[in-house]
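One structure below.
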Amino acid sequence: MIEIKGIKKSFGSLEVLKGIDLNIEKGEVVSIVGPSGAGKTTLLQIIGTLDRPDAGTVFVDSVDVTKLSQKKLADFRNRHIGFVFQFHQLLPEFTALENIMIPAYIAGTSHKAAKQRAEELLQFMGLSDRAHHKPNELSGGEKQRVAVARALVNNPAVILADEPSGSLDSKNKEELHQLFFDLRDKFGQTFVIVTHDEQLASITDRTIHMRDGILENLEPLDNQDGLENLENPEKTEEDND
């Protein structure tokens with residue numbers, strides 16, 4: 001699903017990524033962890049086609065995105081990649097339903113089809129009764145669920161999340177973390193999540209550790225142990241850095 005070879009990226013004299021090789025399989029939920037400045041967000045932005053590497057190749061859904069023109073890249077991003085940010089980034093003047101529909105409009109989907117898809121996602125999120133509420137009328141957890149629904153509206157192959165639960169309380173964190181797995185099971189998306197949250201990292205299929213622009217290890221976690229921790233959060237240590 002995602003194949004990265006020899007990715008390097010510098011900003012001026014600062015070398016942020018120093019030759020990254022990484023494969024992520026379809027349907028995996030993968031977390032990327034590491035200290036601030038490790039290059040996690042830069043790597044996520046390159047996978048998401050928001051930035052280009054100085055060297056190397058990135059294949060997403062069998063397409064070498066490093067070779068696409070800016071116009072084709074924008075279209076590919078809209079159709080194949082969904083984004084979830086720490087602070088939901090919902091447009092305040094639009095309702096939950098309308099916020100979800102916006103990427104579908106950009107993709108050229110008809111109003112009827114976009115609305116139907118958005119309503120289906122709101123129902124799956126348990127937010128059907130909040131469809132016509134604007135962001136300032138929603139709780140933090142509800143806003144983030146709407147943001148996840150927006151990321152899913154075009155049925156992308158990959159969902160990229162940057163600290164998605166960083167602004168949530170413990171209860172909403174647990175619900176959002178479980179939601180990622182429920183969505184993977186229902187819709188088959190691949191999730192790549194940058195996080196400082198140890199609980200979230202512990203339940204993903206694989207945790208990738210970064211430090212100083214390189215990957216430290218690629219060892220898989222035992223996901224069953226992680227799911228037990230999710231059900232019994234007192235067994236885990238929260239890290240809200």
Side-chain angles (χ1 to χ4, degrees), residues 1-87 89 103 106-107 147-148 150-152 154-164 166 180 184 188-197 200-201 204-220 241:
M1 174 54 65
I2 300 172
E3 184 179 355
I4 298 168
K5 292 183 179 179
I7 289 298
K8 295 183 179 181
K9 181 67 178 181
S10 297
F11 296 99
S13 61
L14 178 63
E15 190 177 15
V16 178
L17 300 179
K18 304 174 181 179
I20 301 291
D21 296 313
L22 177 64
N23 289 328
I24 297 173
E25 300 298 326
K26 179 176 174 57
E28 272 196 290
V29 179
V30 173
S31 56
I32 302 176
V33 302
S36 297
K40 306 182 300 297
T41 295
T42 300
L43 178 59
L44 198 73
Q45 289 175 337
I46 288 174
I47 295 173
T49 75
L50 296 173
D51 201 355
R52 290 185 183 269
D54 297 329
T57 58
V58 180
F59 283 82
V60 178
D61 207 11
S62 301
V63 175
D64 184 353
V65 297
T66 60
K67 294 183 177 179
L68 297 179
S69 67
Q70 284 298 122
K71 183 177 180 180
K72 289 183 177 179
L73 201 59
D75 182 66
F76 180 89
R77 186 187 308 125
N78 175 251
R79 295 176 183 274
H80 295 269
I81 302 173
F83 296 91
V84 180
F85 304 99
Q86 178 175 355
F87 300 102
Q89 305 293 343
I106 294 172
V148 173
R150 179 184 58 190
L152 287 163
N154 287 334
N155 196 31
V158 177
I159 301 293
L160 304 179
D162 194 355
E163 297 289 358
F180 291 144
R184 185 267 303 274
Q189 268 91 10
T190 302
F191 283 80
V192 183
I193 307 166
V194 164
T195 184
H196 282 97
D197 193 298
L200 174 55
T204 55
D205 299 326
R206 200 157 39 118
T207 300
I208 296 165
H209 297 264
M210 288 190 71
R211 183 179 294 273
D212 297 328
I214 61 174
L215 304 185
E216 291 193 310
N217 70 65
L218 296 175
E219 293 297 320
D241 290 347

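At distances below 3.5 Å, not a single donor-acceptor pair connects side-chain atoms of Ser10 with backbone N or O atoms of Gly12. Side chain of Arg211 to main chain of Gly39: no donor-acceptor pair is present (N/O by atom type, distance under 3.5 Å, no hydrogens or angles).
Between the side chains of Gln45 and Asp162, not a single donor N or O lies within less than 3.5 Å of an accepting N or O. With 3.5 Å as the limit, one finds a donor-acceptor pair spanning the side chains of Ser31 and Thr207.
Ala147 and Val84 make their closest contact through O-CG2, 4.4 Å (heavy atoms, listed as atom of the first residue, atom of the second, distance).
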From CA spacing to verdict: side chain to side chain contact (heavy atoms under 4.5 Å, CB included), Asp205, Val30: CA-CA 6 Å; Asp205 299 326; Val30 173; 5.5 Å; no

Verdict with supporting geometry, Val58 and Ile7, side chain to side chain contact (heavy atoms under 4.5 Å, CB included): CA-CA 8 Å; Val58 180; Ile7 289 298; 3.4 Å; yes

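Of the charged side-chain nitrogens involved, at least one lies within less than 4.0 Å of a carboxylate oxygen, so that Lys9 and Asp51 count as a salt-bridged pair. Using a 4.0 Å cut-off between charged side-chain N and carboxylate O, Glu28 and Arg206 make a salt bridge. The residues Lys5 and Glu3 are annotated as salt-bridged, a charged nitrogen and a carboxylate oxygen being separated by less than 4.0 angstrom.
Evaluation of the side-chain hydrogen bond (donor to acceptor under 3.5 Å, both in side chains) rule for Thr66 yields Asp64 as partners, not counting sequence neighbours.
Contacts classified as salt bridge (charged side-chain N to carboxylate O under 4.0 Å, His left out) and involving residues 71-80 (residues at least two apart or in different chains) are given here: Asp75-Arg79.
No option in Val65, Ile81, Ile2, Ile20 other than Ile2 meets the side chain to side chain contact (heavy atoms under 4.5 Å, CB included) test with Ile47.
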